[in-house]
Amino acid sequence: MITGLITGSVLPRAAHAADLDALEEQIAHIQAEQRELQKALVSVQKQIAARRAAGGAETSAEHGGGVSSHHIASAHASMLHGVREEAEVESPHEEGPGLAMPSHPHGMATALNHHRATGPDAQPVFSGAHDTPDVESVVGHRAEDVVARLADNSVGPHGRETAGAQAAGALGDHGVFRLGPITLILGGYLDAAAVEENRHTATGTFNFWQDIPYRNESRYHTDNFEGSARYSRLSLMARGNVDAHSTISGFFEMDFGAGAATTDAYESNSYAFRMRQAYLAYDNSDLDFHFLAGQAWSMLTPGRIGITPRQESLPETIESSMLAGQTWTRQLQFRFVKDFLQHRLWAGLSIENSATLYDTTGFTDNSGAVTLPNGKIATISTNGTGLTNSAPFSNEIAPDIIGKIAWDPHWGHYEIEGILHFPHDRVATLGSGHNNTSIAGGGGGSMVLPVVPHKVELRLAGLAGVGIGRYGSVLLPDATLNAQGEPAPLPSIQGTGGIVAHPNPLLDVYGFFGYQAAGRSYFSANGANYGYGNPAYNNAGCGIELSDASTCTGNTRSVMEATAGAWYRFFHGRYGTMEAGVQLAYSRRSAWSGQGGAPDTSLSEVFMDFRYLPFQ
C-alpha cells in the first residue's frame, strides 16, 4: 500500500510540482504510518506469544496458527487511521524497535501471513507459565539478547550506559541487514580521544600504571598531552535462528589499539588493526544451555545479567585501560553455561588460555632463560617465532579453569567465581633437568545493585588469591621464582566500586574507585638479592632526579585510582548518535619498602572524547 502511495501520489506530485517540501511531508507521513503498523505488529506478536504460552502448539493449530484475519485487519486499520496501540516498546531511543523489521509494508504483510517455524523469522519459544517474555522485550532489546533479558533484574539499560562500546550492534534497526537466513548487525564507533596529564607516561589514553615514573626520572616533572583516534571500534555479528529454540551467532570486534613496527607519533600515526573479540556462540532456550568458543572477555569479568557475552559490567571511563583493579582479560575460551529457574540462576564453566606473568627482578633473564644462584637455568618462557610476535610466551602445562554462579532476582545481579591456574617451568643443568608445576588460583565475586531501578546503580567487584595478578588492569605479576627455580605465585587482591547514574536518555554520570595490590616473595643468596619486593633492594635514589637506575628498584606494591566523568549525547536520531565525554582521574602507585624507603608516585589526568555511533 505504501508503495502505491509513493508511485501513485508522491512521485507525480514531486515530478510535476517539484515541491520538495511537500515531498518531505509525504515521506514523513508515510514513515509515521509505518511506525504505527510496527506497533500494531507488536500487539499481534504479543497475542501470539501469549497463546503459545497458554496453549502450546495444539492451541496454535486449533486456531489456524494464531494469526486471524481480524488481527491482520486490525494491523492495517492501525496504519490507516493512526490508532495508537497500548503496547509501547521499552527502549531509550526514539527510533523504531530493536527487532529488525522489513521496511516495506509488503514485507510486513508477508511476515504476518507467512510466519515460519524455523529460520530468521522463527519466534522464540519459552517454557513455564512465568517464562513467557513480553514482546516489548523481544523487540526493544533485540532477539539475540532476549534470553538474557528475560529475568528482569532492574539493572539499567546496557546499550546506553556503555555508549555502545560492548553491545553487539545497535538498538533500533540501524546497521541491521538480512543475508538469506542470516542477520548481520554492525556496531562500533569513531572515537577521537585525548588526555592531559601531569606526568609523561607515553601511553596515551591507555594507563600502564606500573610505568608511572618516580621522582628520579625527568618525565615525572613534565606535563604531557596526547590524543589519538586509534581506539575507534568496529564490530560485526552474524546470527541465525536454527529453530524456535536455538540460535547460532558469530561476533567480531576490532580496533586499532596495536602498535605496528612503523608506528610513530610524528607523521603517520599508523596504528595496527587488531582483534579484540572473535567467537561463536550457540544458545538453546529449550535446554537452557549456552556455549561459546573463541576469544571473548574472560568469564571472570563481572557481568550485569546472567552469564552471557556482550553483557559485561565494565566502567564507562574514557581511558581504554578502564580502571585500576578491574578484573578482566580477553582470551581464548570454551565456555559452557546452564541456566535454571526461568533464567534467574546461572552456572558456568570456562576453560581459558593461560599465560603466567613472571617478575624476575634480581635474576639474569635471557629471553625467558633465567640464571639461578646455583648456576642452573630455569626456563619460564620463550619469544614467539613464525607468525607470532617476539614477545615472551610463558610455559604452560594446562589452561586456566574458571567457574561462576550468577543470580538475578528481581532486584540486582550477584556473582561468585573461582579460578585455578598452574604456573609451570623447567629447571635444567648440562645433561639433565626437571619440570615444576605450582597450583595457584583464587576467588571473588561482583554485584550490581539498582539503587533506583534503571536509573542509578551501585557496582562492586573483587578478586583475591595467588598467582592471578594478570587478571587485573594494573598487570601486577602472577609469580616470581624461588631459590630452586620453581614458580612462586604471588598473593594478589583487587577490587572496584562505583556508582552510575542515567538521569535522562542524554546523560550518563559515573564515579569509580579501584585498587590492586601484590604480595611479595623473595630470598637472598651469595650476597645477592632476588624475587619480588625484597626489602634488601636499593630504593635510595627513587627521589633524586637522574640518579643511577640501580638505586631505584621500586617493585610495585599497590595501585589505586579514583575517577569521575560523564557522557552527554548532543545529537541523536536516524543518523546515529554523537556524544562527548570528560573524565577526571587520580592514580597513586606505591612500592614495596627497601633500602632507602618505600617510594610512591601519582598521576593526575583529564580525558576528553568525542564519539560518533552511527548504529545507535
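Hydrogens, waters and symmetry mates are skipped; everything else that's a heavy atom, side chains included, is used.
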Over 12 foreign heavy atoms within 6.0 Å of [atom1], [X]:
| X | atom1 | answer |
| --- | --- | --- |
| Y586 | OH | yes |
| F206 | CZ | yes |
| F513 | CZ | yes |

Checking side-chain polar atoms at under 3.5 Å, does [X] have a donor or acceptor matched by the opposite partner on [Y]?
| X | Y | value |
| --- | --- | --- |
| S298 | Q333 | no |
| S350 | E352 | yes |
| T563 | Q583 | yes |
| H290 | R335 | no |
| D283 | T247 | no |
| T183 | R178 | yes |
| H502 | D508 | yes |

In terms of the angle between their ring planes, are F273 and F256 parallel, tilted or perpendicular, with boundaries placed at 30° and 60°?
->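 If you compare the ring of F273 with that of F256, the planes turn out tilted.
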Please work out which of the three classes, parallel, tilted or perpendicular, describes the rings of F289 and F291, given edges at 30° and 60°.
->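 Rings of F291 and F289: parallel, as their planes differ by under 30°.
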Could you go step by step and tell me if W411 and S154 meet the side-chain hydrogen bond (donor to acceptor under 3.5 Å, both in side chains) rule?
-> CA-CA 6 Å; W411 193 84; S154 299; 5.7 Å; no
[X] [atom1] to [Y] [atom2] distance, which is reported to the nearest 0.5 Å:
| X | Y | atom1 | atom2 | value |
| --- | --- | --- | --- | --- |
| M237 | Q277 | CE | CD | 10.0 Å |
| H454 | N153 | NE2 | CG | 8.0 Å |
| E196 | N224 | CD | CG | 7.5 Å |
| L449 | Y414 | CG | OH | 5.0 Å |
| T327 | E312 | OG1 | CD | 13.0 Å |
| L613 | F571 | CG | CZ | 14.0 Å |

Are the side chain of [X] and the backbone N or O of [Y] linked by a donor-acceptor pair below 3.5 Å?
| X | Y | value |
| --- | --- | --- |
| E605 | L584 | no |
| N198 | S604 | yes |
| K404 | M299 | yes |
| T496 | G514 | no |
| E415 | G303 | yes |
| W567 | E316 | yes |
| S285 | H245 | yes |
| N241 | D243 | no |
| D264 | E267 | yes |
| N207 | S321 | no |

Just one of Q331, R310, R276 clears the side-chain contact (heavy atoms from CB on, under 4.5 Å) bar with W297, so which one?
->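 The side-chain contact (heavy atoms from CB on, under 4.5 Å) with W297 is passed solely by R276 among Q331, R310, R276.
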Can you list the residues that meet the ring-ring contact (aromatic ring centres under 6.0 Å, His included) rule with Y282, with sequence neighbours excluded?
->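 Per chain and number, Y282 pairs via ring-ring contact (aromatic ring centres under 6.0 Å, His included) with no residue.
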Verify side-chain contact (heavy atoms from CB on, under 4.5 Å) between S313 and R459, making sure each step is shown before the conclusion.
-> CA-CA 8 Å; S313 179; R459 304 184 195 173; 3.5 Å; yes
With S232, which residues qualify under side chain to side chain donor-acceptor pair (under 3.5 Å), at least two apart?
->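 Expected list: none.
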Mind checking what makes side chain to side chain donor-acceptor pair (under 3.5 Å) contact with W328, not counting sequence neighbours?
->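 Listed in chain order: S473.
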Residue pair [X] / [Y]: nearest heavy atoms and the distance that separates them:
| X | Y | result |
| --- | --- | --- |
| S270 | A260 | O-CB, 4.0 Å |
| E319 | A585 | OE2-CB, 4.2 Å |
| I318 | A193 | CG2-CB, 4.3 Å |
| F251 | E253 | CE2-CB, 3.8 Å |
| K455 | P503 | NZ-O, 3.5 Å |
| A461 | S446 | CB-CB, 3.6 Å |

Pair R304 + E457, salt bridge at N-O below 4.0 Å |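 Judged by the 4.0 Å cut-off on N to carboxylate O distance, R304 and E457 do form a salt bridge.
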Looking at D191 and R233, does any basic side-chain N land under 4.0 Å from a carboxylate oxygen?
->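 Answer for the salt bridge query: no.
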Within 45° of the six-membered ring axis of Y271 and under 6.0 Å from that ring's centre, is NZ or CZ of R230 located there?
->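 Yes, R230 sits over the ring of Y271.
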R611 to Y189 six-membered ring, cation-pi geometry met (6.0 Å, 45°) |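 Pair R611/Y189 counts as cation-pi.
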Quick one: does [X]'s side chain get under 4.5 Å of [Y]'s, heavy atoms only?
| X | Y | result |
| --- | --- | --- |
| L236 | L186 | yes |
| D255 | L234 | no |
| T205 | Y231 | yes |
| P315 | Y510 | no |
| L314 | Q326 | yes |

Between W407 and H413, does the ring centre distance come in under 6.0 Å?
->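 Judged by ring-centre distance (under 6.0 Å), W407 and H413 do not meet the cut-off.
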side-chain contact (heavy atoms from CB on, under 4.5 Å) between L332 and Y279, intermediate numbers included | CA-CA 9 Å; L332 179 74; Y279 60 80; over 6 Å; no
